[in-house]
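Hydrogens, waters and symmetry mates play no part in the numbers below; they use all other heavy atoms, side chains included.
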Amino acid sequence: MRPHLFVGRGDIPFAFVESVAGGVRLKSVDREAARAGLHPGLALADARARIPELEVYDHDPHADHEWLERLADGCQRYTPSVALDEPDGLILDIAGCVHEFEGERRLAADLEDRLARRGLLVRHAFGDTPDTARALARYAGAPAPDERRAVKRLPVAALGLDEDATAALSRAGLKTVGDVMARPLGVIAARFGEAAVMMIRRLDGSVKGPIVPRRTVPAIGTERRFAEPIARTDYALEVLAELAGEAAVQLTERHEGGRRWEARLFRADGLVQRLRVETGQPTRDVALLMRLFRERIDSLADPLDPGFGYDLIRLDVALAERLDASQLKLEGGQKGAAQDDGVAALVDQLGTRLGRAKVRRFAARDSHIPEQAELMLPAAETAAVSARPAVWTTPESGEPPLRPIYLFDPPQPIESMMAEVPDGPPHRFRWRRTVHDVAHSEGPERIAGEWWRRDDIPTRDYYRIEDRRGRRFWIFRHGLYSEVETPRWYLHGVFA
């Protein structure tokens with residue numbers, strides 16, 4: 001079985017040009033222009049002299065890349081392992097995927113037929129390695145029954161070397177890949193480097209070059225093909241629920257649950273529509289997943305349009321984590337567990353509708369610096385931020401809280417401060433153009449800089465104070481007189 005298929009650029013009757021030093025030159029040409037002697041790199045004026053009616057378009061590399069990406073999306077109906085061979089090719093690893101089409105030839109015929117309906121003509125070839133398939137598709141012109149013999153007949157340009165090395169091989173009388181293969185590899189390496197030897201080994205099959213898919217192939221994926229395209233979104237969701245059930249069975253066998261689920265709906269006209277949902281906890285609950293998918297569809301800027309219908313629906317578990325049976329809470333029993341599940345379900349629903357980054361939660365962090373003791377993270381994140389999170393001390397009954405209800409980030413600078421002694425508690429301060437006379441104070445509570453950053457963060461002396469009107473503040477002096485020349489005061493929070 002030859003597991004790789006190369007798909008080349010379509011035969012479209014126009015040429016692309018780009019502005020380079022020295023004028024405008026052809027970037028790529030179509031088949032008709034090539035037959036007339038035009039080639040990439042030729043000046044546009046010379047091309048016009050040969051073919052006055054030549055249609056010319058500006059070369060747009062970004063648009064070419066987007067179009068190639070879209071073709072790659074459509075080719076994922078044949079295999080999940082699709083690699084880009086820019087600027088104008090795709091490599092498909094079809095090993096284990098041809099049974100759906102009763103053979104590799106029918107798979108290629110189906111691909112050609114789909115692209116032909118969109119005005120695209122392709123050149124393809126099969127090969128035991130990606131490099132062999134690529135070289136045969138680009139330089140052989142037609143599929144060959146004898147792969148090894150066909151490779152040896154290819155021009156030396158099929159080796160993929162730079163222009164100077166290719167020209168040097170031709171001047172040495174080596175016109176084909178077979179001529180190069182007949183020479184000792186040591187001589188080739190000494191003259192043209194290890195890259196030429198490696199390409200020879202890849203083309204003769206002794207070394208298999210890697211294929212780098214556009215996306216990592218998920219470990220668990222289910223799909224459903226249809227003899228006739230389905231044009232109802234409701235029925236597509238029913239099929240998606242069946243696929244989720246099949247994936248849940250596989251997850252159960254692995255003692256895992258899905259965190260990220262990706263659905264792809266392949267339309268008959270080649271458009272691929274994607275839906276993705278994420279959960280805060282691993283899950284195998286099909287009903288929950290379908291609620292999230294419906295929420296995702298309702299939140300789309302462009303409604304889901306089946307067009308001419310879907311002929312393939314695929315569901316992948318893009319991220320899975322360990323999910324074992326859990327003990328119900330003894331104090332709350334089923335009710336306690338259901339309450340936690342309800343909060344997680346609410347977070348998933350809001351995140352699906354509003355966006356994953358819009359729903360956030362506080363996460364404790366192991367830092368005694370107040371403004372760094374908590375982080376705002378997406379609520380769907382479950383990874384621990386710190387192995388030993390910071391815990392604030394709970395005050396005794398009847399005592400005021402040790403930390404304010406509201407923290408300023410960053411702390412607000414105090415305009416002026418009066419103290420009885422330089423290192424003593426505050427006596428009067430001015431903040432936001434208002435003077436506050438201190439009636440009671442408690443402190444200092446000294447918080448030194450973290451040991452690995454002690455030179456960067458001066459020591460802080462915190463005070464809990466109450467002014468004569470009963471308002472309570474949490475202020476600190478930033479730096480000791482032994483550390484800085486003029487310590488500054490900041491108001492970090494208010495109590496109530």
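Looking at Arg284, its side chain does come within 3.5 Å of a backbone N or O of Glu256 through a donor-acceptor pair. Without hydrogens or angle criteria, Arg70 side chain to Leu271 main chain gives no donor-acceptor distance under 3.5 Å. Within the 3.5 Å criterion, the main-chain N or O of Gly270 finds no donor-acceptor partner in the side chain of Arg77. A side-chain donor-acceptor contact under 3.5 Å links Thr79 to the backbone of Asp93.
Residues passing the side-chain contact (heavy atoms from CB on, under 4.5 Å) test with Pro87, sequence neighbours excluded: none. By the salt bridge (charged side-chain N to carboxylate O under 4.0 Å, His left out) test, Asp110 is found to be paired with Arg114, residues two or more places apart in sequence or in another chain being considered. For Tyr78, the ring pair (Phe, Tyr, Trp, His ring centres under 6.0 Å) partners are Phe101, not counting sequence neighbours. Every side-chain contact (heavy atoms from CB on, under 4.5 Å) that Gln76 has, sequence neighbours left out, goes to Asp73, Val82, Arg214, Arg215, Arg264, Phe266, Arg274. By the side-chain hydrogen bond (donor to acceptor under 3.5 Å, both in side chains) test, Glu102 is found to be paired with Arg106, residues two or more places apart in sequence or in another chain being considered. Annotation: side-chain hydrogen bond (donor to acceptor under 3.5 Å, both in side chains) contacts of Asp113 (sequence neighbours excluded): Arg117. Judged as a side-chain hydrogen bond (donor to acceptor under 3.5 Å, both in side chains), and not counting sequence neighbours, the contacts of Glu295 are Gln349, Arg353. For Gln250, there are no side-chain hydrogen bond (donor to acceptor under 3.5 Å, both in side chains) partners, not counting sequence neighbours. Residues forming a salt bridge (charged side-chain N to carboxylate O under 4.0 Å, His left out) with Glu112 (at least two apart in sequence, or on another chain): none.
Taking CZ from Phe293 and CG from Leu315, the interatomic distance works out to 5.5 Å, rounded to the nearest 0.5 Å. For the atom pair Ile313 CD1 and Gln273 CD, the distance stands at 10.0 Å (nearest 0.5 Å). Note that CD of Glu18 is 10.0 Å distant from CZ of Arg25, once rounded to the nearest 0.5 Å. Taken to the nearest 0.5 Å, the OG1 atom of Thr132 stands 10.5 Å off from the NZ atom of Lys208. The CD atom of Gln412 lies 6.5 Å from the CH2 atom of Trp431; values are rounded to the nearest 0.5 Å. With values rounded to the nearest 0.5 angstrom, Tyr310 atom OH is found 5.0 Å from Leu265 atom CG.
At least one side-chain heavy atom of Leu71 sits less than 4.5 Å from a side-chain heavy atom of Leu115. Taking the side chain as every heavy atom from C-beta outward, Val24 and Val56 never approach each other to under 4.5 Å. Contact annotation: the side chain of Leu90 approaches that of Leu68 to within less than 4.5 Å [non-hydrogen atoms, C-beta and beyond]. You'll find the side chain of Leu319 stays beyond 4.5 Å of the side chain of Glu278, heavy atoms only. Val17 is listed as a side-chain neighbour of Asp58, based on a closest heavy-atom distance under 4.5 Å.
Taking a 6.0 Å sphere around CD of Glu86, one finds it holds more than 12 heavy atoms contributed by other residues, nucleotides or ligands.
The pair Arg260-Glu262 does not meet the salt-bridge criterion, since no charged nitrogen lies less than 4.0 angstrom from a carboxylate oxygen. Asp85 has a carboxylate O that lies under 4.0 Å from a charged side-chain N of Arg138, or vice versa, which qualifies the two as a salt bridge.
Summarising the geometry of Ala247 relative to Ile220, their closest heavy-atom pair is CB-CG2, 4.1 Å, with the distance given to 0.1 Å. Heavy-atom minimum distance, Pro155 versus Val177: O-CG2, 3.4 Å. Contact detail for Pro130 and Ile91: the closest heavy-atom pair is CB-CG2, 4.2 Å. Contact record, Arg254 with Ala219: NH1-CB, 3.5 Å, taken as the closest heavy-atom pair. The two residues Ala125 and Ala137 come nearest to each other via the heavy atoms CB-N, 3.5 Å. Smallest separation of non-hydrogen atoms from Leu323 and Gly257: CB-N, 3.6 Å.
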Residues 229-246 side chain polar contacts: donor-acceptor under 3.5 Å, at least two apart:
| from | atom 1 | to | atom 2 | distance (Å) |
| --- | --- | --- | --- | --- |
| Glu242 | OE1 | Arg224 | NH1 | 2.9 |
| Glu246 | OE2 | Arg224 | NH2 | 2.8 |

Using residues 40-51 as the side-chain source, report each donor-acceptor pair under 3.5 Å to any protein atom, sequence neighbours left out, with the distance given to one decimal.
| from | atom 1 | to | atom 2 | distance (Å) |
| --- | --- | --- | --- | --- |
| Arg48 | NH1 | Pro52 | O | 3.4 |
| Arg48 | NH1 | Leu54 | O | 2.4 |
| Arg50 | NH1 | Gly37 | O | 3.0 |

Could you walk me through whether Leu111 and His124 pass side chain to side chain contact (heavy atoms under 4.5 Å, CB included), step by step?
-> CA-CA 10 Å; Leu111 188 150; His124 74 273; over 6 Å; no
Please step through side chain to side chain contact (heavy atoms under 4.5 Å, CB included) for the pair Trp474 and Arg403, ending with a clear verdict.
-> CA-CA 8 Å; Trp474 200 41; Arg403 295 291 183 267; 3.5 Å; yes
Checking side chain to side chain contact (heavy atoms under 4.5 Å, CB included) for the pair Asp88/Asp64: CA distance, chi angles, key distance, verdict?
-> CA-CA 8 Å; Asp88 54 5; Asp64 285 351; over 6 Å; no
Can you check side chain to side chain contact (heavy atoms under 4.5 Å, CB included) on Leu154 and Leu136, steps first, answer last?
-> CA-CA 8 Å; Leu154 296 178; Leu136 289 173; 4.1 Å; yes
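Sorted by first then second residue, the ring pair (Phe, Tyr, Trp, His ring centres under 6.0 Å) pairs that include residues 22-52, not counting sequence neighbours, number zero.
Using cut-offs of 30° and 60° for the angle between ring planes, the His59 and Phe16 rings count as perpendicular. Ring-plane geometry between Phe476 and Tyr490 is classed as parallel, the angle between the planes falling under 30 degrees on a 0 to 90 degree scale with a further cut at 60.
Side chain to side chain, Arg202 and Thr129 fail the donor-acceptor criterion of an N or O pair below 3.5 Å.
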